[in-house]
Amino acid sequence: MNYSIPRGTYDILPSQSHKWQYLIRRFQDLAAAYGYHEISTPIFEQSALFERSSGSSSDVVQKEMYRFLDRKGREFALRPEGTAPVVRSFIENSWDKTQGRTKLFYTGPMFRYDRPQAGRYRQFWQYGLEFFGSSHPFYDAEVIAFLWNFLSSLGLKKIHLEINSVGCPNCLKEYETALKAYYHPHLDELCGDCQNRFEVNPKRLLDCKVPSCGVIAQNAPSQLDYLDEDCRKHFEQVQHYLNLANIEFKVNPRIVRGLDYYSHTAFEVIFEGLGAQNTLAGGGRYNYLVQQMGGRATPAIGFAGGFERLLLALEEEGLALDTDLVPDVYAIAMGESAQKALMPIIFYLRNQGVKVDYDPEKTSFKAQMKAANSSHARYCLIIGEDELSSNSVILKNMETGEQQNVAMDKVSTHLLQIL
RNA sequence: GUGGAUGUAGUUCAAUGGCAGAGCUCCGGAUUGUGGUUCCGGCUGUUGUGGGUUCGAGUCCCAUCAUCCACCCCA
C-alpha cells in the first residue's frame, strides 16, 4: 500500500520553505508598522459560524466546506476563510464593547473542497487583516494601502488595484431591482449560468465571461449610479484618501465579492499573467457582520490574499526570494586521524551558527572536493596528514581558489571573522 | 460539480501492437592531496492503479486515482 498526499494539497518542501518564511515575516513586519496585531484562531469552527457569516447560499458554504461531526455529534467545518473566525473571537472577547478600534492580522491555512487548478488548492494559505471600530473612509484607504504596499514592496510590477462600492443593503435592493428590470427582456439571450444567476445572485451577471453575455452587460445599470447619498460620499472619500496615500487605483463597477457579508467598499488586486486565477487578494467593508453575528454593531473592513498565488506571481516576474541554503564551509578530512581532529572544529563552528557540511561517506579527496564544489560553500576546510603534522588546516576560498594555512586552534575564530 | 489534455528511471522526455531507451542528475574511476571542463564505467522501472481485447499491450478499450488547463467559484 502506497500513501499519497490528499488531492489539492502539497508539501512545503525545504527548497520552498524559506520563501514562505520570508513572505510571512514581511507581512508581519508591515502589519506591525501599521499597528496591527496577530491573532490565530482554530482551523475548525462550528459550521454554523460560516453558514451565517458567508451566507448559506454562497458556493463556499453550499459545496466547498469540509464538514465533519465530532464524537458527540456536533457539526464542525475546517475554516474556508478567515474573517468569520476573527469576528467570532472579536465578539467573544467583548472587544465590541470595550475597545474603540481593533487592528488584527492573521496568516494560516484555509480549506475549500474545490476542484484543484492553477493557483487553487484545497488547503491554501491566506494572509489577512481586519480592522474594527470605525466607518471612517480613512480606514478603507489604510487597509487598501497596506495591501498595495505589501504586494508592491515585494517588487511586483504586473499588478493593479481595482475598487468599487457595493453600497449598503439599502442601495443594493434598489440596484438589484434595476438590474433585474434591465436583464428581464434579455433572459432568453443569456447563457445557462446567467439565467441561473438572474435568480440567485444578479450581481454576478456583470462579470460573465461568455461574449454574448458581456455585450448585454455593457449597457447594464451600474451599481455606482444606485448608491444612496451616504454611500456615494463614503466612496468619494475613500478615493480621496487613496490619492493622498499615493495609491493608484481604477474604479471597476463590476467587482463583486463572493461572500455575502460585504458592504460599501470592495477591492481586489489583480495580477496580469496568472491565467484564470488572477486575483491575488481581495477584500472590502463589512459594516453589518459583527451585529449580524450577535455583537454590538461595529463597522469593519478587511482583506485576504493567498500565498500560493503570490508565489506564482513572484515567480512569473522572476523575483526569486532566494535566501539560499548553502553551507558556509565544507569540511574535508583525509584519513581517520584527520577526521578525529576535524570533529571538534565542525561542531564548535556549528554551535556558533556557522553552516558547516561534512560527509564521512566520501573518502577520496576528489569525491570530497566535488561535493564541496556542488554544495556551493564559500570555503572549504581541509585536514590531511600533512596538516596534522604541522597542527594546521587549509582554508580554501572556493570562488577564487586561493588557499592558506591556518593554525588548528585559530581556524574557528578566523572563520568567524571572515564569514 | 462540468468539459478537455496528460500520467514511462530521481528528473526532462523517447519508444508502427513485437527485447522499455536517451539526455541531465546521482555514484564510481582516469596514481584517495585539490572542485567546476573532458573522457570512461555504473545504479535506477510493478510504464499511476485495477480490469479487458490480443499469440503478444507503455501503445487499443473500460474503470479508477492523480496532475495540468478552462468553466464554475474564489485567495
Side-chain angles (χ1 to χ4, degrees), chain A residues 1-10 54 57-65 79-83 107-128 147 151 191-194 196-197 200-201 204 207-210 213 255-259 268-271 274-283 302-313 330 332-336 338 359 361-388 394-403:
Chain A
M1 173 83 190
N2 279 324
Y3 298 102
S4 58
I5 194 165
R7 180 162 205 206
T9 67
Y10 56 92
S54 302
S57 71
S58 68
D59 275 22
V60 168
V61 166
Q62 265 196 338
K63 38 184 217 196
E64 295 172 8
M65 280 220 292
R79 61 181 183 195
E81 59 105 24
T83 300
T107 63
M110 306 294 163
F111 305 83
R112 287 182 205 174
Y113 190 92
D114 228 358
R115 186 116 164 224
Q117 197 180 324
R120 191 167 79 185
Y121 301 90
R122 290 185 170 180
Q123 173 174 342
F124 58 101
W125 284 69
Q126 282 195 339
Y127 51 92
L147 173 61
L151 295 173
C191 70
D193 282 329
C194 278
N196 186 39
R197 289 182 181 117
V200 179
N201 196 348
R204 288 234 159 263
D207 62 359
C208 182
K209 282 161 190 157
V210 175
C213 294
I255 290 186
V256 181
R257 304 267 70 234
L259 306 169
E268 281 183 7
V269 174
I270 314 285
F271 181 84
L274 260 197
Q277 314 300 325
N278 61 358
T279 302
L280 242 40
F303 72 77
F307 278 122
E308 292 84 359
R309 288 181 193 179
L310 180 50
L311 282 168
L312 284 175
Y330 193 97
I332 293 177
M334 292 301 294
E336 258 183 64
D359 182 353
E361 291 191 299
K362 294 202 188 335
T363 51
S364 81
F365 194 77
K366 189 185 196 77
Q368 296 191 75
M369 275 308 290
K370 275 191 168 182
N373 185 60
S374 59
S375 79
H376 296 112
R378 279 165 68 194
Y379 291 96
C380 166
L381 191 158
I382 305 167
I383 302 181
E385 297 301 324
D386 298 349
E387 289 71 34
L388 274 180
I394 292 175
L395 201 56
K396 175 167 180 149
N397 182 321
M398 292 299 282
E399 260 174 72
T400 63
E402 285 172 48
Q403 53 186 55

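Note that this is a predicted model, so its numbers are computed, not measured. Throughout, a chain's letter reflects where its sequence line sits, starting with A, and its residues are numbered from 1.
- To the nearest angstrom, C1' of B:A75 lies 5 Å from CD of A:Gln126.
- When heavy atoms are screened at a 4.0 angstrom cut-off, A:Glu387 is found touching base atoms of the nucleic acid.
- Put simply, the side chain of A:Arg120 and the base of B:C73 share a donor and an acceptor less than 3.5 Å apart.
- Considering only side-chain N and O atoms, A:Gln403 lies nowhere under 4.0 angstrom from the phosphate OP1 or OP2 of B:U34.
- The distance between atom CZ of A:Arg115 and atom P of B:G4, rounded to the nearest whole Å, is 10 Å.
- Taking atom CZ of A:Arg122 as the reference point, atom C1' of B:C73 lies 14 Å away to the nearest angstrom.
- Between the P atom of B:G35 and the CE atom of A:Met334 lies a distance of 12 Å, rounded to the nearest Å.
- The distance from atom CD of A:Gln277 to atom P of B:A70 is 7 Å, rounded to the nearest whole Å.
- The aromatic rings of A:Tyr127 and A:Phe307 lie tilted to each other, with the angle between the two planes from 30° to 60°.
- Spacing between atom CD1 of A:Ile5 and atom P of B:C65 amounts to 18 Å, rounded to whole angstrom units.
- In summary, the aromatic rings of A:Tyr121 and A:Tyr10 are positioned with their centroids under 6.0 Å apart.
- For B:G28, the OP1/OP2 oxygens have no side-chain nitrogen or oxygen of A:Lys370 closer than 4.0 Å.
- Contact annotation: A:Arg112 side-chain N/O to B:C73 OP1/OP2 distance is not under 4.0 Å.
- For RNA chain B, if you chain together Watson-Crick or G-U pairs that step i with j, i+1 with j-1 and so on, the runs of at least three with distances under 3.5 Å are B:1-7 with B:65-71, B:10-13 with B:21-24, B:26-30 with B:38-42, B:48-52 with B:60-64.
- Between the P atom of B:G35 and the OH atom of A:Tyr330 lies a distance of 15 Å, rounded to the nearest Å.
- For A:Arg7 against B:U67, a side-chain-to-base donor-acceptor contact under 3.5 Å is absent.
- Spacing between atom OH of A:Tyr121 and atom P of B:A66 amounts to 16 Å, rounded to whole angstrom units.
- Under 3.5 Å, the side chain of A:Gln117 and the base of B:C72 form at least one donor-acceptor pair of N or O atoms.
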